[in-house]
Amino acid sequence: MKRKIKIALLRALCIVSAAFTCALVLFLLVYILAKGVPNISWELLTTKRSYMTGKIGILPDILNTVYIIVATLIFVLPLGVGAAVYLTEYAKNKRLVAVIEYAAETLSGIPSIIYGLVGMLFFCQFLGMQTSLLAGALTLVIMNLPTVMRTTQESLKTVPQSYREGAFGLGAGKWRVIRTVVLPSCIDGVITGCILSVGRILGESAALLFTAGTAHALNGFFDGLRSSGSTLTVSLYMYVKEEGEFGVGFAIAAILMVLTLLVNLLAMLVGRAFKRRRNYE
Amino acid sequence: MKNPQAFEQNLIETIIYIIFLFLGLITVGFVLLITVYLVIAGIPAIREIGILNFLFNTKWASTASEPSFGILPFILTSVYGTAGAIILGVPVGFLTSVYLAKLAPQKIRTIVSGAVSLLAGIPSVVYGLVGMMVLVPSIRKFFHIPDGASLFAAIIVLAIMILPSIINVSITALEAVPREYEDASLALGATPVETYFRVSVPAAKSGIAAAVVLGVGRAIGEAMAVMMVSGNAPNMPELFGSVRFLTTAVASEMSYSSGLQRQALFSIALVLFLFIMLINAALNFFLKRSKE
């Protein structure tokens with residue numbers, strides 16, 4: 001009898017915990033959308049902030065977010081894929097591989113505020129980039145490198161060894177094998193890495209506060225990279241914490257929530273599609 | 001040179017090998033860059049203030065006419081805040097992971113996993129905003145204190161934010177438990193729930209420990225959400241008092257700091273970095289053991 005009660009209790013505790021987690025997510029989703037969506041207007045989305053009329057528009061912040069995502073991916077993809085290719089195709093020294101993997105794990109454990117600080121010291125001051133979107137993007141490159149490296153590595157591991165051997169057998173050199181056999185098959189990992197990185201960049205704020213800055217100017221891509229610019233998350237923080245503009249804050253939060261939802265959905269669909277394809281092969 | 005083509009081929013291969021070697025080593029380079037920069041930037045202030053004074057003085061008054069740079073309040077706040085988040089977050093996360101890995105039907109599992117990954121993806125400023133608007137006022141009303149922005153509010157926000165890390169890593173660990181272990185226990189007459197708690201969980205304990213350590217790392221490194229709900233006064237930690245963490249100490253004064261004050265902020269970042277390196281080492285230890 002006692003045993004039965006204990007089992008039922010443990011089971012109930014598990015279910016309650018899982019239900020609690022779900023309720024939490026549901027609450028956050030509903031609360032933010034309910035508070036934020038009424039504050040989203042066409043004007044908010046398509047204008048820049050005007051200090052003359054005192055009206056707030058977040059178009060520059062949306063563009064800055066897009067710019068920083070694009071710039072980060074342009075740099076991080078070749079670096080991450082290259083590192084993964086080195087680890088799976090070239091590296092023979094086990095100790096070196098262990099060191100590189102430990103370094104990647106260390107990078108993914110470092111808090112974003114520290115990235116922000118080092119980014120500020122290195123990119124903004126030492127390399128003279130000032131507070132700019134480019135400095136912010138480069139900081140995020142270091143942050144996201146382990147993610148892209150890991151996803152690419154995983155997809156490279158699924159390339160059958162026989163493909164490589166076949167290509168070598170036909171007389172191809174190492175580089176040719178990598179270019180024609182290995183790289184085309186890591187596209188799954190690259191896409192997954194891209195999606196995960198976009199999600200992280202979208203949500204990042206502490207690393208950008210001191211590297212990309214807090215300006216709300218409307219710029220094109222290249223001018224934008226050279227000047228200070230606030231992304232959606234940083235704007236949310238500044239509007240809420242420094243100016244008490246909670247309406248705008250909730251509107252941005254709702255937009256971020258929808259984007260996060262989309263990124264998650266995309267990651268799930270892509271993951272499933274890749275899995276299915278792999279099973280067919 | 002008998003065969004110029006082969007020579008050219010070799011040259012290309014060598015160049016490409018060097019390029020990939022460089023790319024492979026770039027993560028190591030970045031870690032070194034971060035370490036070197038933090039050490040170089042962090043040492044001067046510690047030297048000037050004195051390491052004992054810096055670490056154990058309880059008073060932080062960086063802009064006073066007679067400035068004092070003691071970071072013990074920040075260290076203790078970070079430690080207490082993280083401990084609180086672990087105490088609240090780990091049981092919920094652990095039980096959820098047992099449910100998802102072992103008990104849940106496939107359909108429910110898919111839905112709840114989706115919810116958990118959404119929780120992981122929500123930006124920290126959004127957590128901060130909700131904390132500021134919902135949690136802080138409720139704490140003020142419920143506990144009858146003048147301001148709800150406190151260590152307690154930060155603990156709750158952190159506990160929620162570390163849930164996904166704990167759940168995902170624990171699930172991976174629980175799923176890696178060999179089926180034979182569970183089958184043997186079931187065959188001996190144990191019920192499924194007993195089997196999961198008495199056999200699967202102990203077998204996955206290294207992985208679950210790794211999940212907890214990962215949660216510690218996440219909690220101690222979080223800055224923005226905590227900044228929005230913790231009040232940000234450099235007091236010694238009190239559960240319902242306004243407090244400042246290591247992370248928020250750096251973030252809150254950086255924009256207007258100068259001179260020794262600015263250098264002291266770098267030193268705080270260095271202390272935080274040392275904490276993180278310790279946690280990473282522990283994480284690596286547990287992950288390795290769970291793989292074996």
Side-chain angles (χ1 to χ4, degrees), chain A residues 7 10-11 13-15 17-18 20-22 24-25 28 31-32 79 82-83 85-87 90-91 99-100 102-107 109-114 117-118 121-122 142 145-146 173-175 199 202-203 205-206 209-210 233 236-237 240-241 246 249 253 256-257 260-261 263-264 268, chain B residues 9 12-13 16-17 20-21 23-28 30-31 33-34 37-38 41 92 95-96 98-100 103-104 112 114-119 121-126 129-130 132-133 160 163 191 193-194 197 217 221-224 228 247 250-251 254 266 269 272-273 276 279-280 283-284:
Chain A
I7 291 170
L10 274 177
R11 196 188 171 84
L13 273 176
C14 283
I15 294 173
S17 296
F20 173 78
T21 308
C22 281
L24 202 66
V25 177
L28 285 169
Y31 177 76
I32 289 163
L79 294 181
V85 168
Y86 176 75
L87 282 177
Y90 282 102
V99 168
I100 292 173
Y102 190 74
E105 261 167 48
T106 308
L107 281 185
I110 293 176
S112 47
I113 182 82
I114 288 187
L117 214 60
V118 173
L121 288 170
F122 185 69
I142 307 181
L145 183 65
K174 184 112 188 167
W175 168 232
L202 212 54
S205 44
L209 202 53
F210 308 118
T233 42
L236 192 167
Y237 175 77
V240 166
K241 196 88 199 325
F246 293 107
L256 286 171
M257 218 47 191
T260 310
L261 209 62
V263 168
N264 268 304
M268 207 169 74
Chain B
Q9 181 74 31
I12 291 174
E13 291 289 344
I16 284 169
Y17 171 75
F20 276 118
L21 177 66
L23 291 174
L25 289 173
I26 208 161
T27 47
V28 183
F30 282 146
V31 172
L33 177 87
I34 291 171
Y37 257 91
L38 282 175
V92 177
L95 291 168
T96 306
V98 173
Y99 177 74
L100 288 181
L103 293 166
V112 182
V116 172
S117 43
L118 183 64
L119 205 60
I122 297 176
S124 53
V125 284
V126 174
L129 177 66
V130 177
M132 234 173 134
M133 304 303 284
I160 295 170
L163 269 183
T191 66
V193 174
E194 277 175 327
F197 278 93
E222 178 51 45
M224 304 307 271
M228 294 166 88
T247 48
V250 177
M254 192 43 99
F266 294 137
L272 176 65
F273 184 66
I276 292 290
I279 292 166
N280 271 343
L283 181 66
N284 213 46

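To find a chain, count down the sequence lines: A is the first, B the second, and so on, and within it residues start at 1. From a predicted model like this one, the values you see are computed outputs, not experimental measurements. Note that these values count all heavy atoms, side chains included, but never hydrogens, waters or copies made by symmetry.
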Give the member of A:Ile110, A:Leu87, A:Leu209 that has the highest number of heavy-atom pairs under 4.5 Å with chain B. A:Ile110

Provide the closest heavy-atom pair for B:Leu38 versus B:Ala269 in the form atom of the first, atom of the second, distance. CD2-CB, 4.0 Å

Max heavy-atom pair count under 4.5 Å with chain A, selected residue of B:Leu283, B:Leu33, B:Val98, B:Ile279: B:Leu33

Heavy atoms only, distances under 4.5 angstrom: which of A:Leu236, A:Ile114, A:Leu256 has the most pairs with chain B? Name it, please. A:Ile114

side-chain hydrogen bond (donor to acceptor under 3.5 Å, both in side chains) partners of B:Thr27, counting only residues at least two apart: none

Side chain, backbone, both or neither of B:Ile34 within contact of chain A (heavy atoms, under 4.5 Å): both

Main-chain N/O of B:Asn280 paired with A:Glu105 side-chain donor or acceptor, under 3.5 Å: no

Keeping the roles fixed (side chain from B:Thr247, backbone from B:Gly221), state whether a donor-acceptor pair exists under 3.5 Å. no

Can you name the side chain to side chain contact (heavy atoms under 4.5 Å, CB included) partners of B:Ile16, sequence neighbours left out? A:Tyr90, A:Trp175, B:Ile12, B:Phe20

Who among A:Leu117, A:Leu79, A:Val240 has the most heavy-atom pairs with chain B under 4.5 Å? A:Leu117

Minimum side-chain heavy-atom gap B:Val116-B:Leu163 below 4.5 Å: no

Top residue by heavy-atom pair count (under 4.5 Å) with chain B, among A:Ile32, A:Val118, A:Leu10, A:Thr233? A:Leu10

Checking heavy atoms, do the side chain of A:Leu121, its backbone, both or neither come under 4.5 Å from chain B? both

Got A:Ile113 and B:Leu272 here, is their nearest side-chain heavy-atom distance under 4.5 Å? yes

Under 4.5 Å, counting heavy-atom pairs only, tell me which of A:Ala91, A:Gly199, A:Gly203 racks up the most with chain B. A:Gly203

Contact part of A:Ile100 toward chain B, heavy-atom cut-off under 4.5 Å: side chain, backbone, both or neither? both

